[in-house]
Amino acid sequence: MPESRPPIELEGLSLADLQELIDQRRLPPVDKWNPERCGHSGMRIARDGTWYHEGAPILRPAMVRLFSTVLRREADGRHVLVTPVEKLDIEVEATAFRAIAMRVDGEGREQRIAFALDSGDAVILGRDHPLRIVEHDSGPSPRLLVRHGLEAELSRPVYYELAELALAAEAGQPGVWSNGVFFPLEDPK
């Protein structure tokens, strides 16, 4: 069945309307499916977010959105595509998703920050969708928890926008507030 849901766009939406759109999305219950049939999907998500099947990029965004709805991360760190009848490994070079746009409503502790993902979904930073910084050889990798252990790495422009917001806040430690939770933008080490 082809994916028929359009991507969520942040532009022109209040965060209350955005939350309503997020809540209306009915994703498959992949956290409840544990089929015995396992194997490898022949698929890979590259560091830049491009999905590949048997070495060729998947060019249809609706197909990528569909696959993203049946993706989860196992307790051992593996990523899998799962249906009620099979579970197939998928190689993920960095994170399953990328945060490609950001929207801010409010200020200070009352602030809320939303992110649009390359999968067509969106999340609002908060207790259920925390942000963490992972250090890599190439520098900090800011990651947002999306669902089922899956994370979205903030694209470089979005990370710079978030860092600018943190610096403007002039809190003691570089970081941002969203949904009443403070998220530092430095690795606590």
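The structure presented is a predicted model; accordingly, all values stated were derived computationally and were not measured.
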Heavy-atom check, side chain of C38 versus side chain of E86, under 4.5 Å: no
Mark yes when over 12 heavy atoms from residues, nucleotides or ligands other than R78 sit less than 6.0 Å from its CZ; otherwise mark no. yes
Could you check whether any side-chain heavy atom of D118 comes within less than 4.5 Å of a side-chain heavy atom of R65, counting everything from C-beta outward? no
Would you check if V146 and T95 make a side-chain contact, meaning some heavy-atom pair closer than 4.5 Å? no
Heavy-atom count check: over 12 atoms from other residues, nucleotides or ligands less than 6.0 Å from E110 CD? no
Determine whether W51 and I90 make a side-chain contact, defined as any pair of heavy atoms from C-beta on separated by less than 4.5 Å. yes
Atom CD of E107 with >12 non-hydrogen neighbours under 6.0 angstrom: no
Does D121 form a salt bridge (charged side-chain N to carboxylate O under 4.0 Å, His left out) with R147? I'd like the steps, not just the answer. CA-CA 11 Å; D121 289 317; R147 63 178 175 268; 3.3 Å; yes
Find out if a path of hydrophobic residues (ILVMFWY) with successive side-chain heavy-atom gaps under 4.5 Å connects V123 to V181. yes
What I want to check is whether the side chains of Q111 and S178 have a donor and an acceptor closer together than 3.5 Å. no
What I'd like to find out is whether the side chain of N179 reaches to under 4.5 Å of the side chain of I124, using heavy atoms alone. yes
Closest approach of A99 and A152, non-hydrogen atoms and distance? N-CB, 4.0 Å
Would a single hydrophobic cluster contain both W33 and F67, if residues Ile, Leu, Val, Met, Phe, Trp and Tyr are joined by side-chain heavy-atom contacts under 4.5 Å? yes
How close do L81 and S41 get, heavy atom to heavy atom, and via which atoms? CD1-CB, 4.0 Å
I100 and L117: CA distance, side-chain angles, deciding distance, side-chain contact (heavy atoms from CB on, under 4.5 Å) verdict: CA-CA 6 Å; I100 56 172; L117 307 180; 5.9 Å; no
F97 and V80: same hydrophobic cluster, using ILVMFWY side-chain contacts below 4.5 Å? no
Are any of the side-chain heavy atoms of K87 and R72 separated by less than 4.5 Å? yes
A94 and R47: which non-hydrogen atoms are nearest, and at how many Å? CB-NH1, 3.0 Å
Crowding at CG, D137 (>12 non-hydrogen neighbours, <6.0 Å): no
A side-chain contact here means heavy atoms from C-beta on lying under 4.5 Å apart; do E54 and M43 qualify? no
Heavy-atom side-chain contact between V30 and L71 under 4.5 Å: no
